[in-house]
Amino acid sequence: MRHTIEETRRWSSEAKVTEASYPDFAAKNGGNIVVSRCVKGRSGIPRSLYLSTDVRFEALNDSYRKRCALPYERATTVIVASEPLTDISEDAESGPSNRIGQMDRSLNVEFIPII
């Protein structure tokens, strides 16, 4: 993943692209998943990436708002999305900028810097 992002950055430089580019990717190999949230260029703000764990939706008092239910035991689900799944900020964690997120079969999530 890191190599792919570095290559897209190099190609943009060679092509003299001056606008911001957002080489965001997601890939899996059958057991592990990697995602990226990065930007190259002037804006300095990458597109959004959110993670939600143990997602089970329950209706709140009104039927239009949803809330992720609290986990019963340990993490059983990780959802990666470009936007939060609900309007409650605690239901999703924003992925850090210019990082690659790695998730394994045990649902461990680690973000590493893109060099």
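Here the structure is a predicted model, which means the values were calculated and not measured.
Remark: the backbone N or O of Pro113 is not paired with any side-chain donor or acceptor of Asn98 at under 3.5 angstrom. With hydrogens and angles disregarded, a donor-acceptor distance shorter than 3.5 Å links the side chain of Ser48 to the backbone of Ser82. Judged by distance alone, the side chain of Asp24 and the main-chain N or O of Cys38 form a donor-acceptor pair under 3.5 Å.
Rounded to the nearest 0.5 Å, atoms CG (Asn32) and CE (Met103) are 9.5 Å apart.
The 12-atom threshold is exceeded at CD of Glu7, counting heavy atoms of other residues, nucleotides or ligands nearer than 6.0 Å.
Residues Leu51 and Val35 are members of one and the same hydrophobic cluster, defined by side-chain heavy-atom contacts under 4.5 angstrom among Ile, Leu, Val, Met, Phe, Trp and Tyr. Following chains of ILVMFWY side-chain contacts shorter than 4.5 Å, one cannot reach Trp11 starting from Val17, and the two form parts of different hydrophobic clusters. Hydrophobic cluster membership is shared by Phe111 and Ile33, with clusters built from Ile, Leu, Val, Met, Phe, Trp and Tyr side chains linked at under 4.5 angstrom. By the rule that hydrophobic residues join a cluster once side-chain heavy atoms approach within less than 4.5 Å of another member, Val34 and Phe25 end up as members of one cluster.
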Can you check salt bridge (charged side-chain N to carboxylate O under 4.0 Å, His left out) on Arg10 and Glu6, steps first, answer last?
-> CA-CA 6 Å; Arg10 184 178 61 79; Glu6 289 170 354; over 6 Å; no

Given the rule in the side chain to side chain contact (heavy atoms under 4.5 Å, CB included) test, do Met1 and Ile112 qualify, once you have shown the distances and angles that lead to the verdict?
-> CA-CA 11 Å; Met1 175 72 70; Ile112 59 172; over 6 Å; no

Apply side chain to side chain contact (heavy atoms under 4.5 Å, CB included) to Ser94 and Leu49, showing your working.
-> CA-CA 6 Å; Ser94 178; Leu49 176 72; over 6 Å; no

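Minimum interatomic distance between Pro96 and Arg37 (heavy atoms only, all atoms of both residues): C-NH1, 3.7 Å.
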